Number of protein chains: 2
Amino acid sequence: MTKYTIKDIARETGYSISTVSRVLNNKEEGMSKETRKRILEVVEEMNYRPNQFARGLITKQSNMLGLIVPNISNPFFPELCRGAEDEAVNNGYSLIICNSDDQSSKEERYIRLLKEQQVDGVLLASMNKLTRENEGILTDSQIPYILVDRGLDVSTATGVFMDNFKGGYLAGKHLIELGHQKIGCMTGPVDITNSNNRLKGFLQALKEHDIPIPSHYIMNGNYHMEDAYDQAKQFLANNEVTALFASNDLMACGVYRAAFELDISIPNDLSVIGFDDIPFGEVLNPKLSTIRQNTYQIGKESVKLLIKKIHNEPVESLFYEPTLVVRKSTTKLPERSFS
Amino acid sequence: MTKYTIKDIARETGYSISTVSRVLNNKEEGMSKETRKRILEVVEEMNYRPNQFARGLITKQSNMLGLIVPNISNPFFPELCRGAEDEAVNNGYSLIICNSDDQSSKEERYIRLLKEQQVDGVLLASMNKLTRENEGILTDSQIPYILVDRGLDVSTATGVFMDNFKGGYLAGKHLIELGHQKIGCMTGPVDITNSNNRLKGFLQALKEHDIPIPSHYIMNGNYHMEDAYDQAKQFLANNEVTALFASNDLMACGVYRAAFELDISIPNDLSVIGFDDIPFGEVLNPKLSTIRQNTYQIGKESVKLLIKKIHNEPVESLFYEPTLVVRKSTTKLPERSFS
DNA sequence: CTGAAAGCGCTTACAG
DNA sequence: CTGAAAGCGCTTACAG
């Protein structure tokens, strides 16, 4: 099981390594069919694989892409990874998935690591304010990169984003149309654009319908389930609201748990709407109403964009439209008296 | 932002590239502190990073590890990935995570890809019967590998496993001690050892207590939520059982959904116990009783083992003990009449 | 259509 | 303690 090199193929076929290299790289079609065929045969036979180190040393390409996500335990991201990976592999790239655990120090470490690993490009889904300098590292090192799902400032860099403002707006509007007046909100991390935009859209909906929202109706969440549970437990104990918008489904899960423990019935006592549409939304009892993102698609398109960027083709940011998914966790306010 | 090479450092410091290389690789301590210090200074100053292609060409090491999981959407695996990744990074390795989607063809593709990418070792958490030949590829290519969580036959290769038999046994025993006599089971894929062992342990518990189990009490699941939902919906409609063991939590989620839609109350009409202890178990209503695995730990230890193997140190398979976690989805049979 | 040669950026015996 | 030189396995002008 010794590893063969291009020399072995050359010797075996009687051609020079230059020629072997050429057919392996599909260079210059002006080459006899015979030669090509013969060489390919032997390559197959000997199960020869080019050494990527040697190849990379010259081409400066690794055919690897990096993807940094903030929290692999949020089912949103595995879904995103799946889309990204499928697209990457279909284009001859492999994907290195890194989990920054929402720590900008880890994020920085991974960016450096990916750079040293000579990836051809990186997908950054992990931005927060603290990491503006991390983006600097990326820019400085000239590695092509694409922002995914999260960005500091959409105008700075190319990326694939969701219209989070509209998503928040849809969530707010849905609750309002159900007759709710006392509506709470659990935001995502304050330093993340997508979370801010969800909040802004939500507030805009309330404003348009002249529904006031006292500041203590707003909880600052961090997109995590545990924290959401802790906060909701306290918040709901002093229950005033009849509806709640959780800025992602993971936090909605935490809210469910808190509500259940406090004997607050969803949706009879409290309507809850989430954001993302993770698969577990359908398992929750009652099934979770939410704002759907095309997560898998976002992953795929991000890689497409990144590959274009690597090839120096012009790229433009992509924006997706979220949609409202009404299930069983939101209900009309009047119905409460029937329960 | 041009990239510096070892030559630049040599020129700048006045030393030869051999010397620079030596200090960079911490070789031969017999080297003047002065030299070392000066070179390190310049390296720092110029922010020099060695080219991994050139380095790998000689050392034949990439400092990359591969991890193939069967289903990244099952929260069990992100948790496993986190453990593996943390341990990998702490040891100077990066982790390439691949998702085989339970397809042995994809699994094979990834094994080849990782091999071509010249990873130093691979973690295989994705074995099924169809892939015995995939293991062959791994063996042939001489890449060190470790089986994680799943194995064809524990004796074949080194790995990190859970005592699945005991886990199944604990689940069965728990249900029996609660007074159940009609107990159903949804298995994992028939061709996966860990799933078979869970079933065997479960059956052993029933046998010890002289509890018969007709074959139609057993559903062949595939560890996925959707399929579990479909099967459970049919199974529970012809409801005979008072308790059900789902061989993983993801399937338990599907069972919950089916039960809910059929208006079957858990645990009053049906006790349910899962396996894995994924975070969502605590969000389900009622909270899911389950068999806990130290998933994060398993990930970490797998990487430790793999690194040992890479260094040609002796390695032995690791076996973890599962524990029973009783929450609210399982209850005493008599209590049903009170509800 | 094909080959000889240079060179990518390192590491590692081998000398001294 | 340090340097010159060979070589890792490829690709790519340059010739022919």
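The structure presented is a predicted model; accordingly, all values stated were derived computationally and were not measured.
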If you find the nucleotide of DNA chain D closest to Ser18(B) and the one closest to Arg55(A), which residue's nucleotide is nearer the 5' end?
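Result of the comparison: Ser18(B).
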When you check the phosphate oxygens OP1 and OP2 of [N], does a side-chain N or O of [X] lie under 4.0 Å from one of them?
X        : N       : value
Thr19(A) : dG3(C)  : yes
Tyr4(B)  : dC10(C) : no
Tyr15(A) : dA4(C)  : no
Thr5(B)  : dG9(C)  : no

Do you know which of Lys308(B), Glu85(B), Glu87(B) makes side chain to side chain contact (heavy atoms under 4.5 Å, CB included) with Val303(B)?
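Single side chain to side chain contact (heavy atoms under 4.5 Å, CB included) partner of Val303(B) among Lys308(B), Glu85(B), Glu87(B): Glu87(B).
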Would you check if Asn99(A) and Phe77(A) make a side-chain contact, meaning some heavy-atom pair closer than 4.5 Å?
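Side-chain contact under 4.5 Å: no.
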With side chains defined as the heavy atoms from C-beta onward, is the minimum distance between Asp8(B) and Glu12(B) less than 4.5 Å?
no
Centre of Phe53(B)'s six-membered ring, under 6.0 Å away, within 45 degrees of the axis: is that where NZ or CZ of Lys60(A) sits?
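No - Lys60(A) does not lie over the ring of Phe53(B) by the 6.0 Å and 45° rule.
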Kindly express the pairing pattern of DNA chain C in dot-bracket notation, using | wherever a base pairs with another strand and counting only Watson-Crick or G-U pairs under 3.5 Å.
|||.||||||||.|||
Nearest whole angstrom, please: distance from the P of dC10(D) to the CG of Leu24(A).
9 Å
Ile58(A) CD1 to dC10(D) P, in whole Å, measures 10 Å
